[in-house]
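Each chain gets a letter, A, B and so on, in the order the sequences are listed, and its residues count up from 1.
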There are 2 protein chains.
Amino acid sequence: MKSACAQQVQSLSSGKELLPEPCAACAARVLSVCDAIDDCDLDRLAAITSVQDIARHQIFVTEGDPADHLFNVTDGTVKVYKLLPDGRQQITGFLFAGDFLGLSFLERYGCSAEAVTRVRCCRFPRKQFAAMLTDFPGIERRLLGIASNELAAAQDHMVLLGRKTARERVSTFLLMLSRRAARSGGTADPVILPMTRTDIADYLGLTVETVSRTFTQLKKDGFIELREAGVVHLSNLPALEDLNEGF
Amino acid sequence: MKSACAQQVQSLSSGKELLPEPCAACAARVLSVCDAIDDCDLDRLAAITSVQDIARHQIFVTEGDPADHLFNVTDGTVKVYKLLPDGRQQITGFLFAGDFLGLSFLERYGCSAEAVTRVRCCRFPRKQFAAMLTDFPGIERRLLGIASNELAAAQDHMVLLGRKTARERVSTFLLMLSRRAARSGGTADPVILPMTRTDIADYLGLTVETVSRTFTQLKKDGFIELREAGVVHLSNLPALEDLNEGF
DNA sequence: CGCACACTTGAGTAATGTCAAAGAGTGTGG
DNA sequence: CCACACTCTTTGACATTACTCAAGTGTGCG
């Protein structure tokens with residue numbers, strides 16, 4: 001089976017060399033669900049995939065709409081959020097390259113999603129994706145793993161929202177971004193913030209003003225430096241980690 | 001295959017009539033993972049199950065410990081929580097009959113769990129449970145569904161913790177318990193609160209005092225009545241629902 | 001009966017939110 | 001290339017919600 005698979009790959013790549021499979025060439029693949037599919041079966045995945053380019057500020061998933069598609073972010077930053085009827089917003093998470101969106105297998109989307117930067121992603125029709133699950137149980141296993149991680153992240157975030165001070169929230173946020181960037185091959189120290197202060201506030205359960213004040217306070221206390229816009233230098237990372245003792 | 005299965009059940013039940021299978025007789029089964037296993041295969045599940053009786057206040061899962069077991073609550077109330085190093089506590093959820101604990105397939109428990117009342121549950125060794133997943137793909141599908149629901153609940157709770165007022169948090173909490181009770185065959189109106197005010201506070205991201213004050217305020221405003229301890233009468237349910245417009 | 005423990009209530013405080021305005025940065029069109 | 005308009009960010013003054021500390025009142029259990 002494995003060798004037959006290898007053969008198939010060979011013939012496939014020699015036949016379609018000039019039209020590279022989007023999935024086989026995808027840099028984000030190792031980070032995401034698609035890694036659960038062997039090279040030889042990637043064409044089946046590619047067949048139901050449509051690559052999407054999403055402009056900044058575009059809302060491409062709306063809470064309550066029928067959950068027709070699943071997404072896999074391959075580039076850019078997405079904010080996932082819920083709204084209260086009066087407009088109060090809570091961002092439940094930010095997605096980066098490799099992150100999966102639409103995990104819930106409910107009928108309708110539970111959250112909205114908006115492109116914070118220009119975003120590139122792969123879109124799968126939910127029905128066809130679900131059909132693949134029966135043929136590739138590895139995907140299901142992988143989805144369960146992703147769900148586990150998301151759940152763990154959600155729990156951490158509940159602690160932040162329910163019990164941490166503004167200062168702790170902001171420093172936790174910075175460390176999270178730093179670690180996340182390092183994990184996916186980026187740089188840990190100058191942390192890039194693609195989102196606005198308002199987005200950060202809506203993620204941390206604060207107001208813009210409080211977030212801004214906390215940044216300046218952290219700067220004054222020598223934890224961070226704010227040189228260019230959208231970039232935070234962690235001048236004293238160990239001290240910053242102490243603020244978050246154990247997270 | 002189906003008919004062979006039915007036979008097996010028959011011979012099994014006739015042979016062991018005096019020792020009822022814990023799983024086949026389980027009232028909570030329809031609510032939980034175990035429902036994904038056909039009657040005929042329940043003996044395999046029963047073989048790895050040990051029924052546990054847990055005393056009030058006993059901590060039976062500790063954050064960071066190796067995740068050796070999974071649990072299925074069949075009776076009582078469990079609080080699932082995380083601690084900050086200085087003792088601040090955030091309860092991430094309450095579990096009732098039919099709820100599953102230990103969903104995360106990470107190496108270690110992400111949260112601690114404590115029995116709020118006397119609790120009865122089924123315990124499965126994680127390794128043996130994982131082995132069953134390959135034979136019964138239905139369980140995996142079911143777990144994914146459970147994970148989806150938990151994730152949706154976690155997202156709702158993030159909105160509560162990040163953006164709602166004390167009054168909204170408490171009324172959301174009461175409605176949640178009411179609906180939950182109704183869904184699992186209980187009574188919707190007099191809501192039973194098995195947990196202390198402190199637990200409610202730790203769940204809602206408030207202090208005991210604020211929770212208590214909010215209860216008296218809701219009472220004074222005619223939304224609820226507090227007659228016996230641990231029981232809340234929802235005197236004006238529609239108005240209470242208005243407080244939570246759309247949740 | 002008495003001791004915990006849980007709950008309520010009060011008074012004062014601190015942290016964060018609100019409202020307002022000014023400064024900085026960014027992009028667009030003239 | 002500059003000027004204008006826009007948004008984002010920062011800062012200040014003030015308001016308010018929820019927290020802290022403290023005391024008092026049940027309530028259940030040994």
Side-chain angles (χ1 to χ4, degrees), chain A residues 55-57 77 79 84 86-91 114 116-118 160-171 173-174 192-221 224-232 243, chain B residues 55-57 77 79 84 86-90 114 116-118 160-174 192-221 224-232 243:
Chain A
R56 211 163 103 89
H57 295 147
T77 305
K79 74 174 186 191
L84 290 176
D86 64 358
R88 280 175 287 178
Q89 181 176 105
Q90 177 65 44
I91 295 180
E114 180 184 322
V116 167
T117 61
R118 188 167 159 283
L160 180 144
L161 293 171
R163 288 292 174 232
K164 289 193 183 178
T165 65
R167 199 184 168 95
E168 289 170 324
R169 294 182 201 209
V170 171
S171 55
F173 177 68
L174 291 174
I192 311 295
L193 303 181
M195 66 292 287
T196 67
R197 294 283 190 271
T198 304
D199 285 339
I200 298 174
D202 285 342
Y203 180 61
L204 299 179
L206 301 169
T207 59
V208 208
E209 294 93 332
T210 301
V211 169
S212 183
R213 275 187 253 271
T214 308
F215 268 108
T216 45
Q217 194 192 329
L218 287 174
K219 184 173 69 178
K220 208 165 56 190
D221 295 352
I224 62 174
E225 283 170 69
L226 303 169
R227 297 201 275 260
E228 317 103 283
V231 182
V232 178
L243 282 190
Chain B
R56 212 162 103 89
H57 295 145
T77 305
K79 73 175 188 191
L84 290 176
D86 63 359
R88 280 174 287 177
Q89 182 175 108
Q90 178 63 45
E114 180 184 321
V116 166
T117 61
R118 187 165 160 284
L160 181 145
L161 293 171
R163 288 290 174 235
K164 289 193 182 177
T165 64
R167 198 183 167 96
E168 289 169 325
R169 293 183 201 208
V170 172
S171 55
T172 301
F173 177 68
L174 291 174
I192 310 295
L193 303 180
M195 67 291 286
T196 66
R197 295 282 189 271
T198 305
D199 284 339
I200 297 174
D202 284 342
Y203 180 61
L204 299 179
L206 300 169
T207 58
V208 208
E209 294 93 333
T210 300
V211 170
S212 183
R213 274 187 255 272
T214 307
F215 267 108
T216 44
Q217 194 191 328
L218 287 175
K219 184 174 66 179
K220 206 165 56 189
D221 295 351
I224 61 173
E225 284 170 68
L226 303 168
R227 296 202 274 261
E228 318 103 281
V231 181
V232 179
L243 282 190

Pair L161(B), Q90(B) - check side chain to side chain contact (heavy atoms under 4.5 Å, CB included), show working. CA-CA 10 Å; L161(B) 293 171; Q90(B) 178 63 45; 3.9 Å; yes
Where the side chain of [X] is defined as all heavy atoms beyond and including C-beta, which of [options] is the nearest nucleotide?
X       : options                   : answer
L226(B) : dT8(C), dC8(D), dT9(C)    : dT8(C)
T165(A) : dT16(C), dT9(C), dT9(D)   : dT16(C)
R213(A) : dA18(D), dC19(D), dG17(C) : dG17(C)
R197(B) : dT10(D), dC7(C), dT26(C)  : dC7(C)
E209(B) : dC7(C), dT9(C), dG17(C)   : dT9(C)
T210(A) : dC19(D), dT11(D), dG17(C) : dG17(C)
T196(B) : dA6(C), dG17(C), dT11(D)  : dA6(C)

Atom-to-atom span, [atom1] of [X] to [atom2] of [N] - whole angstrom:
X       : N       : atom1 : atom2 : value
L204(A) : dA15(C) : CG    : P     : 18 Å
L206(B) : dC19(D) : CG    : C1'   : 10 Å
I200(B) : dA6(C)  : CD1   : C1'   : 12 Å
H57(A)  : dC8(D)  : NE2   : C1'   : 10 Å
R88(A)  : dT18(C) : CZ    : C1'   : 14 Å
L160(A) : dT16(C) : CG    : P     : 12 Å
L193(B) : dC7(C)  : CG    : P     : 9 Å
F215(A) : dC8(D)  : CZ    : C1'   : 13 Å

Taking the nucleotide of DNA chain C with the closest heavy atom to each, which residue, R227(A) or R163(B), is nearer the 5' end?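 Mapping each residue to its closest nucleotide by heavy atoms, the 5'-most match is R163(B).
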Side-chain donor/acceptor of R163(B) to backbone N/O of L206(A), under 3.5 Å: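 Yes, the answer is positive, given that a donor and an acceptor are paired below the 3.5 Å cut-off.
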Could you check whether any side-chain N or O of T198(A) sits under 3.5 Å from a backbone N or O of V208(A), counting only pairs where one atom can act as donor and the other as acceptor? no
Which part of the nucleic acid, if any, lies within contact of G205(A), taking any heavy atom under 4.0 Å across all strands shown: a base, the sugar-phosphate backbone alone, or nothing? sugar-phosphate
Any T216(B) side-chain N or O less than 4.0 Å from OP1/OP2 of dT9(C): yes
Of L174(A), T214(A), L160(A), which meets side chain to side chain contact (heavy atoms under 4.5 Å, CB included) against R169(A)? L160(A)
Compare every heavy atom of R88(A) with every heavy atom of K164(B), then report the nearest pair and how far apart it is.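 Distance-wise, the nearest heavy atoms are CA-NH1, 3.9 Å.
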